[in-house]
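Okay, so here's the structure we're looking at.
Whatever order the structure lists them in is the order used to number ligands and atoms, beginning at 1. For reference, positions follow the sequence shown, starting with 1.
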Amino acid sequence: MMQDFQSLDPDLISDSLKTERIGSKVVVFSSTSSTNDIAWSYAKNPDNDGLAVFSEFQNAGRGRRGNQWLSAPRQSLLLSVLLKKTNIKTEFFTLLCGVALSEVLIAISVKHVSIKWPNDILVDGKKIAGILVESKNDKVVLGIGINIHQQPYDFPPEISKAATSLDIQTGKICDRNIIASQTLNLMEKWVKIAQTDKDKVIRKWKSFSSLLGTRVGIEYNNQKYYGNCIGLDPESGLILQIEGGGVRMFEAAYSSIIKKI
Ligand code: BTN
């Protein structure tokens with residue numbers, strides 16, 4: 001039976017914000033197509049910079065590369081933040097969101113947090129959160145999905161071994177309103193750092209990276225490549241020392257990690 005979890009409350013979320021920009025407005029929907037779509041629908045008005053859109057449910061939630069993002073009502077934290085791009089490139093937003101989300105997890109004592117390039121947050125090697133950054137003209141929408149209340153049986157069988165949630169990891173029923181505010185606070189922290197000190201974001205990102213220094217397989221434009229991950233170029237992609245010779249860069253937009261070898 002589905003448990004009746006606490007609802008998201010825009011006032012509770014706003015009350016715990018320490019931000020100047022992100023969460024300037026907080027809206028909560030009970031159901032939407034995708035919070036990214038809603039955030040885009042607010043994009044014309046410059047006063048909406050920093051707007052944070054949450055939804056308890058999405059009927060067309062999307063992930064990277066055309067994947068669906070599914071979650072039952074009130075089980076996850078589904079949010080999108082609308083920002084003007086300033087001097088940060090689109091791909092870099094994915095990195096800084098990854099760092100921010102990793103810090104959110106660590107702040108609530110979750111251990112073994114790592115980032116699987118480009119946009120998966122893992123705990124003990126299992127996916128707990130994903131990031132979908134979309135860009136149009138001078139605006140960006142940072143879409144984030146965090147598994148909160150799922151139990152192993154809530155995940156579809158094909159992903160249940162590869163997925164986890166905050167409740168599973170902490171053994172408690174986590175408070176989504178607190179996690180929502182923390183996420184916005186830490187996103188703002190890392191957006192600010194990215195504006196002045198990109199290397200700091202990259203260093204932090206590398207400290208969480210599960211791929212650097214390991215052998216990986218990558219699918220790029222429908223072709224498979226295997227090699228040792230020797231670097232990350234934040235604006236372009238992942239650098240592989242290809243087995244059999246050569247070094248190659250793979251852009252995030254066209255790549256998927258097929259497996260860690
Ligand atoms: C991925 O892992 O491929 C990215 C998943 C991103 C999912 C979030 S949920 C909130 C926001 N709205 C969407 O439709 N997608 C993102």
Using atom types as modelled and distance alone, determine if a side-chain donor or acceptor of E251 lies under 3.5 Å from a backbone N or O of M249. no
Heavy-atom contacts with T35 under 4.0 Å: which atoms of ligand 1 show up? List them by number with element. 10 (C), 11 (C), 12 (N)
Main-chain N/O of D9 paired to N177 side chain as donor or acceptor, under 3.5 Å: yes
I'd like to know if the side chain of D120 reaches the main chain of G130, judged simply by a donor and an acceptor atom lying under 3.5 Å from each other, with no hydrogens or angles considered. no
In this structure, atom 15 (N) of ligand 1 is nearest to the protein heavy atom R62 O, 2.7 Å
Which residue and atom name correspond to the protein heavy atom nearest atom 3 (O) of ligand 1, and how close is it? R64 N, 2.8 Å
Let me confirm one number: the CG-CD1 distance from L211 to I239, rounded to the nearest 0.5 Å. 13.0 Å
Y225-F250 aromatic ring centre distance below 6.0 Å: yes
Atoms of ligand 1 less than 4.0 Å from I131 heavy atoms? 4 (C)
Could you tell me whether L79 approaches ligand 1 through its side chain, its backbone, both or neither, with non-hydrogen atoms closer than 4.0 Å? backbone
closest protein heavy atom to atom 1 (C) of ligand 1 is N119 ND2, 3.4 Å
among protein heavy atoms, the one nearest atom 2 (O) of ligand 1 is K127 NZ, 2.5 Å
G61 heavy atoms within 4.0 Å reach ligand 1 at atoms 14 (O)
Counting only nitrogen or oxygen atoms and a 3.5 angstrom limit, does W69 reach ligand 1? no
Could E20 and K192 be called an ion pair, given the rule that one side-chain N must be under 4.0 Å from one carboxylate O? yes
How close does the nearest protein non-hydrogen atom get to atom 12 (N) of ligand 1, and which residue and atom is it? Q58 OE1, 2.9 Å
Can you sort out which atoms of ligand 1 are near G63, meaning under 4.0 Å from one of its heavy atoms? 1 (C), 3 (O), 4 (C), 5 (C)
Hey, quick one: are L79 and V53 part of the same hydrophobic cluster, counting side-chain heavy atoms closer than 4.5 Å, chains of contacts allowed? no
Kindly say whether Q150 contributes a backbone atom to a donor-acceptor pair with the side chain of S165 at under 3.5 angstrom? yes
